[in-house]
Amino acid sequence: MRFRGGHNVLLKGRPDSAIKVMPEPKVLYMPLRSERFTFSDILVKDGQKVSGGDILAKDPDNYEVPLLAPRAGTVRLEAVENHIVIEDVAQLEERADIAEEEMLHIEKEMGAGGIKRYKLLSLGAWQFFYDAFTGQLPDPLGTPQAIVVSTLSLEPFLARGDVQLHRRLLNFTRGLEQLQSLLEYQPIYLGMPNIRSEFANLIRNQIRGYAWVKMLEKPLVYPYDDFALLARRLELRSSNGPVWAVRTEGVLAADRALTETKPCTVRILSIGGTGVSQPTHLKAIPGYPIRRIRDQYVFEPSARVLNGGIFTGKILPEETLGIDVECRGITVLPEPEEREFLGFIRPGWDRDSYSSSFLSAMRNDFRERLTTALRGEGRPCVACNYCEEVCPAGIMPYLIHKYLYANLIEEAEQARIDLCVECGLCSYVCPSKIDLRTQFVEAKDLIAKEKEEIRQEQLRQEEARKREEEARKQAEENVE
Ligand code: SF4
Ligand code: SF4
């Protein structure tokens, strides 16, 4: 499969390549939920003193992935709903909260490879790993058919791989070696931009001697950094086992956990968008107060704050007070309160659009100042086909939209809604303002839930059938 579709949007508010270190906080607000995790198994008590690196809670549904204390301090459990608050924060030496007894047991059962996997999980590095096909956390004890590493983030405005790698190229290559030591013969595919930039050349030179790393050059077009697309491009099939997928920060975390046996509690995230005074990168820890970041960087009084990028980020709820463990960037867009006066007759010299209906089509490429304004109401599909042109998954979004609109779920499945990688490009280019992505995400969730219910029902019926069979046999034996 070749790369198809995709589209690059040029927007103002791109973070620069500097990394600003946020001042040390006095209080941390650790959200108990993030995109994939729910840390419901709380392991600390109210008032307990913790050190940096201690395990505060675990997610029982995700291989017990831990929520680590990024700093020393005193735990408060009841202070803010759905958060663990750490007060009197102090930046003392972090420690690896790993149980020696469990290590010995794992070494006996699984050898040195088992210990490495245990360290990745308990030191917070495993949180950076994804199953390329599902986007979920992979089984740390499983064996992948391959690892896909992506050095790029193409969605505006997530933390950039080149910034995260700044002065850490050696850590990156050491991290790759650590990942390779978890495998037997399976390859590591390194997704790189197909450009001759200094950064790309540096990495190419650095890994030249690694026969087990295979380069996958890809165009700098959104969303070719998507793991499912990369796996499809490599013709890896889910029937042959999981594919682990990890970005630059994950390779660096693997190096920290396995080479230095240190907890991975620092993140480099972006703050970008047209509502930000100085779009840049921040070095911050989970739990860092969002209010302090807003006060320093957000100048728009009325702004939509997203946890993530413009296409796939989610609105950050007011009640979330701290950075969560999966945050890769904060995007801020101005939220206009008033409707543009006679906006519908403006020729659109300053409006970028996939179609060429605005005067801007006569300009050279320019960066648009994007806001959350839709510039008009939603309308029915006009069959312009733009959504199909940009769709990287090779499906027909307008057709699936029509099926879903008519509640024809089976037909939507036959049109391969499952291949949608939820990139959001179709919503972006749609001149009728149809939020196709949201519709597809909801439909996929619904289909997955229905399939799970059917599976559970089949299991129940199978168990009931077995019980009946056993009871019948027992009855027959009693008669005899
Ligand atoms: S969100 Fe799905 S349907 Fe829309 S462009 Fe992306 S992959 Fe295609
Ligand atoms: S881009 Fe929008 S209007 Fe055009 S075909 Fe797709 S859904 Fe219809």
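Start at 1 with the first residue, then count along the sequence. Indexing begins at 1, ligand by ligand and atom by atom, following the structure's order. Just the heavy atoms: all of them, side chains too, but no hydrogens, waters or symmetry mates, feed the values below.
- In summary, Cys423 places no N/O/S atom under 2.8 Å from atom 8 (Fe) of ligand 1, failing the contact criterion.
- In this structure, the protein non-hydrogen atom closest to atom 7 (S) of ligand 1 is Val421 N, 3.3 Å.
- Salt bridge present: Asp295 and Arg291 bring a charged side-chain N and a carboxylate O closer than 4.0 Å.
- Listed by chain and residue number, nothing satisfies the ring-ring contact (aromatic ring centres under 6.0 Å, His included) test with Phe128 (two or more places apart in sequence, or in another chain).
- For Tyr398 and Tyr386, the distance between ring centers is not under 6.0 angstrom.
- Atom numbering of ligand 1 starts at 1 in the shown order; those under 4.0 Å from a heavy atom of Phe440 are 3 (S).
- Around atom 6 (Fe) of ligand 2, the protein contributes the following N, O or S atoms under 2.8 Å, ordered by chain and number: Cys387 SG.
- Atom CZ of residue Phe129 and atom CG of residue Leu137 lie 9.5 Å apart, to the nearest 0.5 angstrom.
- For atom 2 (Fe) of ligand 1, the closest non-hydrogen atom of the protein is Cys420 SG, 2.4 Å.
- Aromatic pair Tyr428/Tyr354: centroids not less than 6.0 angstrom apart.
- Arg160 pairs by the salt bridge (charged side-chain N to carboxylate O under 4.0 Å, His left out) definition with Asp162, not counting sequence neighbours.
- Look at Glu452 and Lys449 and you find no salt bridge, because none of the NZ, NE, NH1 or NH2 atoms lies under 4.0 Å from a carboxylate O.
- For residues 417-430, the set of pairs meeting the salt bridge (Lys or Arg N to Asp or Glu O under 4.0 Å) definition, not counting sequence neighbours, comprises Arg416-Asp418, Glu422-Lys444.
- Among protein heavy atoms, the minimum distance from atom 8 (Fe) of ligand 1 is reached at Cys391 SG, 2.4 Å.
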